[in-house]
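Encoded as structure tokens, the structure appears first; notes follow it.
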Amino acid sequence: MYYKKYGNTDMMVSAVGLGTMRYDEEDIKAGRLEKCAEIPLYALEKGINYWDTAPLYCDDKSEIVTGIALSQVQRSDVYVTSKVNLGTLKQDTSRDAFRRRLETSLARLKTDYIDFYHMWCMLNLDSWQRHMDTIYRFFEEAKAEGLIRNIVFSSHMQGNDIEKVVETGKFKGMLIGYNALNYRFRQSGIKAAHEKGMGVVVMNPLGGGMIPQNPEAFSYLTEGTDLTVPQAALRFVASHKEITVALAGCTTKQHVDDAVKAVENLEEKTAEEVAAQYEGKGVSLNNLCTGCAYCKGCPKGIEIPKFMDSYNQYILTGRKEAITDRLSGHWSVKKEMAAECIGCGNCERQCTQHLPIIERLKEIGTM
Ligand code: SF4
Ligand code: SF4
């Protein structure tokens, strides 16, 4: 395993981390949690010492599974994370609500401390500021008590906004979505964090499944390697000097092995060197929907991620008919629904990729 130093700390973390939101669904449903816990145990055996978990993942069982594994290993051999935001506190900004949430995570993880506790899912600066004004002080208090070791945040903000948060110097590290789809507009954020001495952990390195689903469009990532497209996409992320850990969601031991292989003999490069290496290769990917589904709550009931996923097919194949093929063939959605959009802008304000959703729906509606 290839290890990197986490920001300006002395912690050495594996270049690939275990994303614990993909424990086997059937096993989770059937309550076979011990069986699911074999995955983090196997990951550690293979050198993966960074385990990222959170409430709500896997029907709210991920922390419990991860705790089962954590209780079977030397605690200091693993860096474990969890997360909290106003949503998980049910918008209750009191100290009690925060402590209840933190204590629940500690109990589920069967541990006295969490290595990295995230202020979770900051969609924009407003939401970040709300969290700073209300619960940040509780993070600091818990840190002083040794219940959490490092205060970090997770975000879907764009480069410039991330830079503003980084500038505050309030966080040891951050977790952001970064991949071969969106790297061009996320690079300034990871560079700013790295320069500030922060650790940078990356979620969603496969672009919400889009990269493995379109292997031809992304085959350029595998050039000169014996890796599969998903492995090459993981390596792409991990190879950035500015990035400390690339998370890989693993359901099976094979997934763990695949992730480990992806970073064998890793060579680190700066974000500029990576950009130069891939300049002009592949299609223009910044405009793709990642399927994150943050654009919820359309007043007209339009299933936006399905429409935007179908629009992706057009961007990836260059065929306009691919949109309608995907809508009807894959999603069983009527394209006429797109014309129902009243342009309220709610979805665009939530969109983590900042896509022109209204314009695209208009285009689909008139096809
Ligand atoms: S802009 Fe259109 S698609 Fe977006 S939330 Fe409003 S009505 Fe729905
Ligand atoms: S349209 Fe935007 S918010 Fe909605 S799923 Fe796609 S990327 Fe996510």
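Order of listing sets the numbers, starting from 1, for every ligand and every atom in it.
- The heavy-atom pair separating Tyr3 from Gly47 by the smallest distance is OH-O, 2.8 Å.
- Summary of contacts: the protein heavy atom closest to atom 5 (S) of ligand 2 is Ala293 N, 3.1 Å.
- Atoms of ligand 2 found under 4.0 Å from any heavy atom of Met308, numbered from 1 in the order shown, are 1 (S).
- Of the charged side-chain nitrogens involved, at least one lies within less than 4.0 Å of a carboxylate oxygen, so that Arg326 and Asp309 count as a salt-bridged pair.
- Applying the ring pair (Phe, Tyr, Trp, His ring centres under 6.0 Å) criterion to Tyr136, with sequence neighbours excluded, gives Phe171.
- Annotation for Cys58 and Arg22: closest pair SG-N, 4.0 Å, computed over non-hydrogen atoms.
- Scanning all protein heavy atoms for the shortest distance to atom 2 (Fe) of ligand 2 gives Cys351 SG, 2.3 Å.
- Note: Tyr50 and Phe116 meet the aromatic proximity criterion, with ring centroids under 6.0 Å apart.
- Among protein heavy atoms, atom 8 (Fe) of ligand 2 sits closest to Cys292 SG, 2.4 Å.
- Side-chain contact between Asp52 and Val201 is absent, with no heavy atoms from C-beta onward closer than 4.5 Å.
- For His131 and Phe153, the ring centers are positioned 6.0 Å apart or more.
- The minimum heavy-atom distance linking Arg360 with Ile315 is given by the pair NH2-CD1, 3.9 Å.
- For atom 6 (Fe) of ligand 2, the nearest protein heavy atom (residue, atom name, distance) is Cys289 SG, 2.3 Å.
- Set against the non-hydrogen atoms of Gln353, the atoms of ligand 2 under 4.0 Å away are 7 (S).
- Among the atoms of Cys295, an N, O or S atom falls under 2.8 Å of atom 4 (Fe) of ligand 2.
- Taking the ring centre of Tyr113 as origin, the terminal cationic atom of Arg75 falls inside the region bounded by 6.0 Å and 45° from the ring axis.
- Around atom 2 (Fe) of ligand 1, the protein contributes the following N, O or S atoms at distances under 2.8 Å: Cys341 SG.
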